[in-house]
Amino acid sequence: MSPHAAGRRRVHRSVATGLPLALAAVLVAAGTAAAAPSGNARVVRTATLGEIPLGTFSNALLPGSVSDDRGVKLGGIGSDIYPAGRKGEYWTVTDRGPNGQIKVDGKKRRTFPVPGFDPAIVKIRVAGKDVEVIDAIPLTTASGKAVTGLPGQRSRDEAPYTFDARTPLSYDPNGLDTEGIVRAGDGSFWLVDEYGPSLVHVSARGRVLARYVPEGLGLTGADYPVVEALPSVLLHRKVNRGFEGLAQLPGGDLVMALQSPLSLPDGDAGEASRTTRLLRFSPREKAVTAEYAYRFDPVNVVDPSEDDTSELKISSVVAVGRDRLLVEERTDKAARLQLVRLGRGADILGGPWDDDTTSPSLEQLDDPAAAGVPVLSKRLVVDLGKVAGVPGKIEGIARVDHDTLALVNDNDFGMTDGEGAFDARGRLIDSGVRTTVTYVRLPKGL
């Protein structure tokens, strides 16, 4: 069956039976010998995604969606990773697609070199030293159109530009910057998005069923249901720092993590803050049922090479029990995993910290606990920055078994910032960073 015969919905063939051209690239091996242990945790396996042309991949899912991929290869699937049920198989999700920043007249512009790219759910298999793509599901609107990764609101999001930052692109109210992923028991998916920030319910075939956004967002023109069901205080999210982590608790509730502290009351407060928020959402009630204050460690503790607090992020949260989570605190170069428990006494939902007129705000408090805020307690499980063989920019973590984790990095589709990202012909000068799945064994079980 040809890529076009695969239709607008999905591609599902194993490498053994012959993937369509979109997914037929030979996957390139990576070094995989167990690395020397550091802090008693160690890398026991590494596998690498091969080079698959982005245009071929995308057009196999939605024919004609990408007219020119500018030499970009499939990447960005490291936004999250979730076990798919069979050993070595995982669901992953791309982010909004290749994007970068270029300064024009002293101001940074956000570029989208492949504006037709449609975020996708990608199923992978770790086979030896290779990461194989065995399934891919495009995200579509109610009428079957591509969601795209373009920003949706002129008043809230960065303006999109072409690869050279010279020509403005159109906003897309359907656009999503997808990050975390979990799969529900009925086969549907839940994703989180950085733009809104949003929680997105997606059918097993990729159709957006509902997008849950903050009260007062006022998003119009979307070709899928938009439900204002999240606290309005989330309207103060930092640009491109909305929800990134998503976990599914054993009972079915979801936990969403804001990547960075809110810009409350302003951007300077958010940049300096070490307090972000987790929210608990009930799919049954279709409502947020709890909110928690989470306190980052100092940035130089997370990453000794960094002194900018605004570089702290939460990129992944993983359920490891009824009310227990692994939370990844990271910069682009280092990461630490903390174990937290979501106790009832830590719930701040609906209190003064959800009122954006409260002064000082939660984000402005130097010591939230001393001010009476029930900050989540945490315990360090592993400092991944001290584990030899772990790549940078880990954005997805999955629990393999009681003492092993699978990590996936975001390679940004091989993109770098600046005018040097593309050659004179407008073709990508690839960064050389590859998408890898790295298994880390912990000294103690979770």
Side-chain angles (χ1 to χ4, degrees), residues 1-30 32 45-63 65-66 69 71-98 114 117-140 146-147 149 178-179 181 183 189 191 202 204-206 391 395-396 398 406-414 430 433-439:
M1 184 169 67
S2 71
H4 293 269
R8 299 173 57 189
R9 296 298 180 188
R10 64 196 299 176
V11 175
H12 187 182
R13 301 185 190 176
S14 70
V15 172
T17 58
L19 289 168
L21 182 59
L23 308 179
V26 175
L27 301 178
V28 180
T32 187
R45 187 177 184 182
T46 299
T48 303
L49 179 69
E51 296 190 340
I52 303 172
L54 187 60
T56 314
F57 171 84
S58 298
N59 290 327
L61 303 179
L62 292 174
S65 57
V66 172
D69 64 14
V72 179
K73 305 298 191 297
L74 175 64
I77 67 170
S79 287
D80 204 4
I81 185 169
Y82 190 78
R86 292 186 178 181
K87 183 177 180 180
E89 294 186 2
Y90 303 93
W91 294 105
T92 67
V93 64
T94 70
D95 58 20
R96 58 185 169 177
V114 191
F117 175 77
D118 181 42
I121 295 168
V122 182
K123 190 177 185 182
I124 61 172
R125 177 190 296 130
V126 177
K129 299 178 181 180
D130 297 334
V131 174
E132 302 172 346
V133 174
I134 58 174
D135 198 356
I137 306 170
L139 298 184
T140 58
V147 163
T178 46
E179 294 292 343
I181 182 172
R183 195 178 194 213
F189 297 92
L191 312 171
V202 177
R205 296 178 63 82
E395 290 199 5
L407 318 177
V408 66
N409 66 311
D410 179 8
N411 80 328
D412 292 319
F413 292 83
D430 198 285
V433 177
R434 308 291 292 281
T435 298
T436 61
V437 175
T438 304
Y439 287 82

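- Taking CG from D410 and CD from E179, the interatomic distance works out to 7.0 Å, rounded to the nearest 0.5 Å.
- You'll find the side chain of T435 reaches within 4.5 Å of the side chain of V408, heavy atoms only.
- Side-chain contact between V133 and L49: present, with at least one pair of heavy atoms (C-beta onward) separated by less than 4.5 Å.
- Summarising the geometry, atom OG1 belonging to T92 is positioned 11.5 Å from atom NZ belonging to K123; distances are rounded to the nearest 0.5 Å.
- The main-chain N or O of S79 is never found under 3.5 Å from a side-chain atom of T94 such that the two would form a donor-acceptor pair.
- V202 places none of its side-chain heavy atoms less than 4.5 Å from the side chain of I137.
- Of the inter-residue distances, the one linking F117 atom CZ with D95 atom CG reads 7.5 Å to the nearest 0.5 angstrom.
- Nearest heavy-atom pair, A127 versus R45, reported as atom, atom and distance to 0.1 Å: C-NH2, 3.9 Å.
- One finds the CG atom of D430 at 11.0 Å from the CG atom of D412 (value rounded to the nearest 0.5 Å).
- Between L74 atom CG and F413 atom CZ the span is 6.5 Å, to the nearest 0.5 Å.
- Nearest heavy-atom pair across G76 and N411 is N-OD1, 3.0 Å.
- Listed by chain and number, the residues in a side-chain hydrogen bond (donor to acceptor under 3.5 Å, both in side chains) with T438 amount to none (sequence neighbours excluded).
- The shortest side-chain heavy-atom distance between D118 and S65 does not fall under the 4.5 Å cut-off.
- Atom CD1 of I181 is separated from atom CH2 of W91 by 7.5 Å, given to the nearest 0.5 angstrom.
- The shortest non-hydrogen separation linking D80 to G396 is OD1-CA, 3.6 Å.
- Summarising the geometry of S58 relative to V66, their closest heavy-atom pair is CB-CG2, 3.7 Å, with the distance given to 0.1 Å.
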task: Evaluate the criterion side-chain contact (heavy atoms from CB on, under 4.5 Å) for residue pair F189 and V93; output intermediate values, then yes/no.
output: CA-CA 11 Å; F189 297 92; V93 64; over 6 Å; no
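- Residues D69 and F57 form no side-chain contact, since every pair of their non-hydrogen atoms from C-beta on lies 4.5 Å or further apart.
- Shown here for R125 and I134, the closest heavy-atom pair between the two residues is NH1-CG2, 3.6 Å.
- Considering every non-hydrogen atom in both Y439 and A406, the closest pair reads CE2-CB, 4.2 Å.
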